[in-house]
J.: 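My questions all concern the structure below.
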Amino acid sequence: MPIRRYIRTIGYLLTERRMLIGIMVGLLVLFIGLLLRSEGFSFADETLERYALSRWAFQHPERLLNLRHGPLFVLLSAPFAQFGLRSFLLFNIIVGVASGYMAYRVARELRMKAPLVAVAICCFSPIYMAAMFSGLVELLMGFVAIVATLLYVRQKPLAAAMMASMLPLIRVDGYLLLLAYALYHVVERRYRQMPLLLLGLGLYCAVGLLVCGGAFTPPWAEFGLVHDGLYGTARLWQFAKRSPGYFGIANEIFFVTGFVAALVYLRRARREHMPEVLLVMLPFTLFFVGHSVAGSVGLCGSGAHSRYMVAAVPLMAVMATRGLVLFSLMFQIITKSQGVRRVAFAMAFVSVIIIPLHNDHYPVEDDAMCDMQRRAAALAIAHTPTAGRIFYTDPAMSYFLGLNPFDTVQGRYGLRCPQQPELEMDIGDMLLVDFHSELRSGIGLADALANPNLLLVGLVEPAEPINVLGHRDAIGVFRRTGPAPVNVEHNQQQMRALAMGFEPLVERSFDTDEGLAPSDLVLVGIERSSPNRYLRIDRRTQFALIDTLQLPPASVRPITLQVEMKLSRWEPDENLRFVVELLHNGRRVGRRQTVEFAEPTMPQRNEWVQVQFRLRLRPGEGQQLVAGLWNKRKRGFLVDDYSISIRTDEQGN
């Protein structure tokens, strides 16, 4: 039988329906397999907070009447959470794959060619794939939005409006998508179904008043659009600038192409392409622009976090589907060969899948924050008396402590009077404090160290540096004692002891040329405002101050590097990196580790700041350390008083 006949037979067997079933089953098998092999999970803090809400939702149903918690997500994920964290993560994997299927249905209803591509684009977008191994509520919001879009496209405005009305019950930014669907009703003059967009909030208020009566807090009181700036602000164009990292470079090209093509088609056939513009492009644009504006002014505590864009990915996937087909069609127009078009289509499709798998680490590894919290929880439990309680300022700690966050018998999240914790704590109670949650809790490490009623038991640092609000993050474990001034002295001695024990490896003030390589020597300059010499890293420099260092013989145990420098920069949007590698016989061992001097550690333009961080390593015998500065983006920086110190840790924890 000729080969063409074999190919034709395979083509008959591979119908779109059979391919769809195969893709959906394959995706579920792939993602569940990665989940089972993963040691950690993505977006750790948010995931553990959401897991706690869902895990104890049935024991504390009053938590479902708090719009800040996303009651619809809590209600749907609670059955999964009863079987543990991995089962809870499975819920988001199912929702994520289902969103890909709905994106396919929308693309098919809009008569796009190769609608199956939408499934892969949705599920393999970098930010979306990472979110499927987390407890983020944005996945469910994206699912509800794409289902509402599908119902609208299929001319079912009644059911669509009811579905869209559930968006604010998942996250407050669901109002942005709700506004887009309201505009669709106005443009299409479907005013009769428009009030149903408030059905979800109406049901929520009705149940709240029935259960709580006068104690119920209405939605408009829970979310005031205030300029609190709790998590800082971001630049207006941050999402646009970083969108290739969220959606993937290939998907970025395809969805921009599809976006422009839809506008061109709208001019040619207005009625045919109006649903695509109103129900796909408009919700995506309002959501994207709305978050950009909110992040730029600090609205509702928004810091323009990357996870917000997860909810927009299914809509993006529909636009990118059209763009990918047009991208491959351009090759046919140029070469006048249908075979070239097919090859271009296949390569584009493969790039959508390969990029997140290549660039990100799957299965998901346990991150430094979770490792630090786990060690701090173990230390607190070991020092807690039988009848003692554990107070903690980060809600994620309840998971590692094994506590019900809503049961105050064994422990409690937060302090009612954070500046005087001794008023709520009994003698022997433990308190966990960190920089990470200082703004929310009202108490920081400095406050706890200066309190005469708190004795520092231990300070747990991350294995890799975590910078929070200009500080190197760490968790302090304190015991409540009677008031004693010696506690403050003891705490300060403990902190000084932790800061000591570092042996200098590299020290450069740049006042002399001693210890500088020729490539670094040409970069030394003099600051105009002072006679001090400094290191100038300009746009031609990619690496500077690269040192190959011999580790002490005892460094077969875990070591901690402490890096300090004064830093200034020329461009306000770019960051410098510190890079570390371990070598054995001239060959690299393990992966390269980098630390980015990101906001808010990085200074503003022409402003000098002191930078300090620590990096934990586990070298082997006979290994060398290579460390230095990496100007990845080739921008301009000034460096002074640069030093690297090392401390050999006696314990591996």
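In this text the structure is predicted, and so the values were computed from the model without any measurement.
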J.: Determine whether L48 and L85 make a side-chain contact, defined as any pair of heavy atoms from C-beta on separated by less than 4.5 Å.
T.: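 Yes, at least one pair of side-chain atoms sits under 4.5 Å.
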
J.: For the CD1 atom on I249, are there more than 12 heavy atoms of other groups (residues, nucleotides or ligands in this structure) within a distance under 6.0 Å?
T.: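 12 or below, so no.
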
J.: For Y101, which residues count as a side-chain contact (heavy atoms from CB on, under 4.5 Å) partner, sequence neighbours excluded?
T.: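 Applying side-chain contact (heavy atoms from CB on, under 4.5 Å) to Y101 gives L20, M24, Y104, R105.
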
J.: Would you call D366-R374 a salt bridge at under 4.0 Å N-O?
T.: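 Judged by the 4.0 Å cut-off on N to carboxylate O distance, D366 and R374 do form a salt bridge.
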
J.: Just wondering, are more than 12 heavy atoms of other shown residues or ligands nearer than 6.0 Å to CZ in R192?
T.: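 Open: at most 12 neighbouring heavy atoms sit under 6.0 Å from CZ of R192.
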
J.: Going by side-chain contact (heavy atoms from CB on, under 4.5 Å), name the residues that satisfy it together with L30, two or more places apart in sequence or in a different chain.
T.: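 Applying side-chain contact (heavy atoms from CB on, under 4.5 Å) to L30 gives L34, F124.
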
J.: Using modelled atom types only, decide if a donor and an acceptor are shared between the side chain of S398 and the backbone of P405 within a distance under 3.5 Å.
T.: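 Between the backbone of P405 and the side chain of S398 there is no qualifying donor-acceptor contact (under 3.5 Å).
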
J.: May I ask you to decide if the ring planes of H185 and Y152 are parallel, tilted or perpendicular, using 30° and 60° as cut-offs?
T.: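 Taking Y152 first and then H185, their aromatic rings stand perpendicular (interplane angle over 60°).
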
J.: Taking the six-membered ring where the residue is Trp, are the ring centres of H291 and F287 under 6.0 Å apart?
T.: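 That pair passes the under 6.0 Å test.
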
J.: How are the rings of F288 and F247 set relative to one another: parallel (under 30°), tilted (30 to 60°) or perpendicular (over 60°)?
T.: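 Ring orientation of F288 relative to F247: tilted.
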
J.: Between Y362 and F133 (judged by ring centroids, cut-off 6.0 Å), do the two rings come close enough to count as a pair?
T.: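 Yes.
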
J.: Check whether any side-chain N or O of S38 sits under 3.5 Å from a backbone N or O of P363 as a donor-acceptor pair, and report yes or no.
T.: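 No; judged by distance alone, with no hydrogens or angles, the pair does not exist.
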
J.: Taking C-beta and beyond as the side chain, do D394 and Q373 meet within less than 4.5 Å on heavy atoms?
T.: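 When only atoms from C-beta onward are counted, Q373 and D394 do touch, with a gap below 4.5 Å.
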
J.: Apply side chain to side chain contact (heavy atoms under 4.5 Å, CB included) to the pair F254 and M319, showing each step before the final yes or no.
T.: CA-CA 8 Å; F254 301 147; M319 291 187 289; over 6 Å; no

J.: Could you tell me which residues satisfy side-chain contact (heavy atoms from CB on, under 4.5 Å) with A98, sequence neighbours excluded, listed by chain and number?
T.: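 In terms of side-chain contact (heavy atoms from CB on, under 4.5 Å), with neighbours along the sequence ignored, A98 is linked to F143.
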
J.: Determine whether more than 12 heavy atoms belonging to other residues, nucleotides or ligands lie under 6.0 Å from atom CE of M162.
T.: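 Counting other residues, nucleotides and ligands, CE of M162 stays at 12 neighbours or fewer.
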
J.: Side-chain contact, heavy-atom cut-off 4.5 Å: L415 with L431?
T.: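 Of all side-chain heavy-atom pairs linking L431 with L415, at least one is under 4.5 Å.
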
J.: Are F80 and S54 packed together at the side-chain level, in the sense that at least one heavy-atom pair is separated by less than 4.5 angstrom?
T.: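 No, too far: nothing below the 4.5 Å cut-off.
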
J.: Can Y51 and S77 be counted as having a side-chain donor-acceptor contact under 3.5 angstrom?
T.: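 There is no such pair between these side chains.
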
J.: Report yes or no: do Q59 and N404 form a side-chain donor-acceptor pair below 3.5 Å?
T.: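 On atom types as modelled, these side chains do not qualify, holding no pair under 3.5 Å.
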
J.: Is the distance between the ring centroids of F284 and F259 less than 6.0 Å?
T.: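 Ring centroids of F284 and F259 are no less than 6.0 Å from each other.
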
J.: Hey, is CD on Q410 packed in by over 12 heavy atoms from elsewhere, all under 6.0 Å?
T.: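 Not buried by this count: 12 neighbours or fewer within 6.0 Å.
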
J.: Below 30° counts as parallel, above 60° as perpendicular, anything between as tilted: where do the rings of Y399 and F41 land?
T.: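 Ring orientation, 0 to 90° scale: perpendicular.
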
J.: With a sphere of 6.0 Å drawn around CZ of R108, does it hold more than 12 non-hydrogen atoms of other residues, nucleotides or ligands?
T.: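 Incorrect, the count does not exceed 12.
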
J.: Is the shortest heavy-atom distance from the side chain of M316 to the side chain of S125 under 4.5 Å?
T.: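 Contact flag for M316/S125 side chains = yes.
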
J.: Counting only heavy atoms from other residues, nucleotides and ligands, does the tally under 6.0 Å from CZ of F83 exceed 12?
T.: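 Not more than 12 within 6.0 Å, no.
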
J.: Considering the options V144, L139, L140, L136, which one meets the side-chain contact (heavy atoms from CB on, under 4.5 Å) requirement together with F73?
T.: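 Among V144, L139, L140, L136, the one that satisfies the side-chain contact (heavy atoms from CB on, under 4.5 Å) with F73 is L140.
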
